[in-house]
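Each remark here refers to the structure printed beneath this line.
Quick note: numbers below take in every heavy atom, side chains included, and nothing from hydrogens, waters or symmetry partners.
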Amino acid sequence: MRLAAEYVLPLRWSDDDAIGDLTDYLGELAGWIDVTVVDGSDAPLFAAHARAFPGLVRHVRPALAHGANGKVRGVLTGVAVARHERIVLADDDVRYDRAGLDAVVSALADADLVAPQNVFDPLPWHARWDTGRTLLNRAFHRDYSGTYGIRRSVLERTGGYDPDCLFENLELERTVRAAGGVVRLRRDVFVVRRPPTLSHFLGQRVRQAYDSLAQPPRLLLELTLLPTIVALRRRRGVLLLIALGVVAAAEGGRRRAGGRGVFRPSAALWAPVWAIERSVTSWIAVGARVRGGVRYAGTRVARAATPLRVLRRRHSPGGLSRNAGPVKSGIAADGG
């Protein structure tokens, strides 16, 4: 049976190296759910995608012109033209199976935003490195994935979310919370994500660290690690204890909510390496903020995400309708 929901995939590629994998995935996906791809690629690639994508996939251009974050522009366009109230938003590297898709759509019965857990497959060394981040996030709170389930009525209520923020996932979640929406974390629903190329992974390091500027306590902790290591450089026993503590925390994240079934037993050993990398790149990110923002898609983005208190003043937190009518075109036209 097809799901009464929409799958929205924002896309902006500069090459088609992964087109075969994506096309095969979209062909399978279109048998389960209505699919809309919002494609901001240049004209030759857009035309090539129109020829390659299966006929059941709706392929459109972004309608929102302003905003530094192209992913948000694509999401808002897709939401505006969606044919259903329940929507699954997913990056181009996300690969749902039917069980995961069913779980996310079903969870929207009593939630406005549903956040599952991504897991890399396959696992080159840099994906294992980044899995250290995933496990530490799971240990202390939650990981931010490349996919969400959302009700269209939430973004109708808020007029979208801000397309000028770098940490678009946090901006989306905070916007939903500010409007009185129910956010459900599904750490036990594991959705495959294709790892980036090595060059793309290296290019993400400072940008991802910049996201922590939207979470000051986390940023302070990340900034503290590097000077602590320098100060204790001659006390190897103490440094070893710190590293073991990081591994133990990551292992706790691996064991949480069924994670042992999908994360390898060795995954937690990568957490200290990632923690050191994050401390170094956090200092670089602070320097970028002083210079006016981090570079992203050919421009500088200053703001990681809007504080929740600001969004609460902007959006009255009344109850959200479970029986929303048509989305207003203002979502695509006005954004956040």
Side-chain angles (χ1 to χ4, degrees), residues 2-3 5-62 70-75 77-78 87-105 115-131 133-134 143-149 168-169 189-205 207-208 261-264 267 297:
R2 290 179 62 81
L3 294 167
E6 189 97 12
Y7 190 98
V8 172
L9 190 159
L11 180 71
R12 189 176 187 274
W13 281 2
S14 57
D15 63 64
D16 268 354
D17 292 346
I19 188 63
D21 183 53
L22 179 61
T23 299
D24 290 345
Y25 172 63
L26 291 176
E28 183 176 34
L29 195 64
W32 305 334
I33 190 171
D34 290 336
V35 179
T36 295
V37 177
V38 184
D39 190 352
S41 305
D42 290 341
L45 285 179
F46 182 91
H49 298 162
R51 293 190 297 269
F53 291 161
L56 291 177
V57 172
R58 185 168 58 175
H59 181 227
V60 300
R61 281 285 194 188
K71 175 182 172 181
V72 179
R73 297 198 305 268
V75 166
T77 298
I87 298 172
V88 176
L89 308 174
D91 292 348
D92 56 26
D93 54 5
V94 169
R95 298 291 181 268
Y96 274 92
D97 60 14
R98 179 60 193 254
L101 199 62
D102 285 349
V104 170
V105 172
Q117 173 68 63
N118 277 145
V119 57
F120 286 120
D121 182 26
L123 277 172
W125 71 265
H126 58 280
R128 299 182 190 184
W129 178 306
D130 213 24
T131 298
R133 166 189 58 83
T134 297
D143 193 39
Y144 288 90
S145 67
T147 180
Y148 284 101
E168 76 283 345
N169 288 355
V189 177
F190 299 97
V191 181
V192 165
R193 189 170 195 175
R194 298 287 186 244
T197 63
L198 178 57
S199 61
H200 189 63
F201 167 80
L202 295 174
Q204 289 177 322
R205 307 335 297 149
R207 184 186 65 76
Q208 289 187 355
V262 295
F263 296 110
R264 294 183 179 183

Review point. Counting N and O atoms only, with roles assigned by atom type, does the side chain of Asn169 sit under 3.5 Å from a partner on the main chain of Ser145, one being a donor and the other an acceptor?
Key: yes
Practice item. Kindly give the heavy-atom pair with the smallest separation between Thr131 and Phe263, and that separation in Å. Key: CG2-CD2, 3.9 Å
Review point. Can you check side chain to side chain contact (heavy atoms under 4.5 Å, CB included) on Asp24 and Glu28, steps first, answer last?
Key: CA-CA 7 Å; Asp24 290 345; Glu28 183 176 34; over 6 Å; no
What pairs of donor and acceptor atoms, side-chain ones from residues 117-127 against any protein atom, are under 3.5 angstrom apart with sequence neighbours left out?
from, atom 1, to, atom 2, distance (Å)
Gln117, OE1, Arg138, NH1, 3.2
Gln117, NE2, Asp143, OD2, 3.1
Asn118, OD1, Gly146, N, 2.6
Asn118, ND2, Val191, O, 3.0
His126, NE2, Pro196, O, 2.7

Check your understanding: Are Asp34 and Arg58 close enough for a salt bridge, meaning some N to O gap below 4.0 Å?
Key -> no
Practice item. For Ala90 and Pro10, work out which heavy atoms get closest and say how close. Key: O-CD, 3.3 Å
Review point. What are the two closest heavy atoms between Ala52 and Ile19, and how far apart are they?
Key: CB-CG1, 4.3 Å
Review point. Salt bridge check: are Asp91 and Arg194 linked by an N-O gap of less than 4.0 Å?
Key: no
Review point. Is there a side chain to side chain contact (heavy atoms under 4.5 Å, CB included) between Arg95 and Asp21 once you walk through the steps?
Key: CA-CA 10 Å; Arg95 298 291 181 268; Asp21 183 53; 2.9 Å; yes
Check your understanding: Would a distance-only check, ignoring hydrogens and angles, find a side-chain to backbone donor-acceptor pair under 3.5 Å from Tyr25 to Tyr96?
Key -> yes
Check your understanding: In chain order, what residues pass the side-chain contact (heavy atoms from CB on, under 4.5 Å) check against Arg51, with sequence neighbours excluded?
Key -> Ala47, Ala48
Review point. So, for Ala5 and Ile33, which heavy atoms are closest and what is the spacing to 0.1 Å?
Key: O-CG1, 3.1 Å
Revision key, fill the gap. Between Val189 and Ala103, the two heavy atoms sitting closest are CG2-CB, 3.9 Å
Review point. Would you say Thr23's side chain and Phe53's backbone share a donor-acceptor pair under 3.5 angstrom?
Key: no
Check your understanding: Taking C-beta and beyond as the side chain, do Asp92 and Leu9 meet within less than 4.5 Å on heavy atoms?
Key -> yes
**Study point:** side chain to side chain contact (heavy atoms under 4.5 Å, CB included) between Leu3 and Asp102, intermediate numbers included
**Key:** CA-CA 8 Å; Leu3 294 167; Asp102 285 349; 3.4 Å; yes
Point to revise | Verdict with supporting geometry, Thr77 and Thr36, side chain to side chain contact (heavy atoms under 4.5 Å, CB included) | key: CA-CA 10 Å; Thr77 298; Thr36 295; over 6 Å; no
**Study point:** Heavy-atom neighbours of Arg12 CZ exceed 12 at 6.0 Å
**Key:** no
Study note, to complete from the structure: Here the pair of heavy atoms bringing Asp16 nearest to His49 is OD1-NE2, 2.7 Å
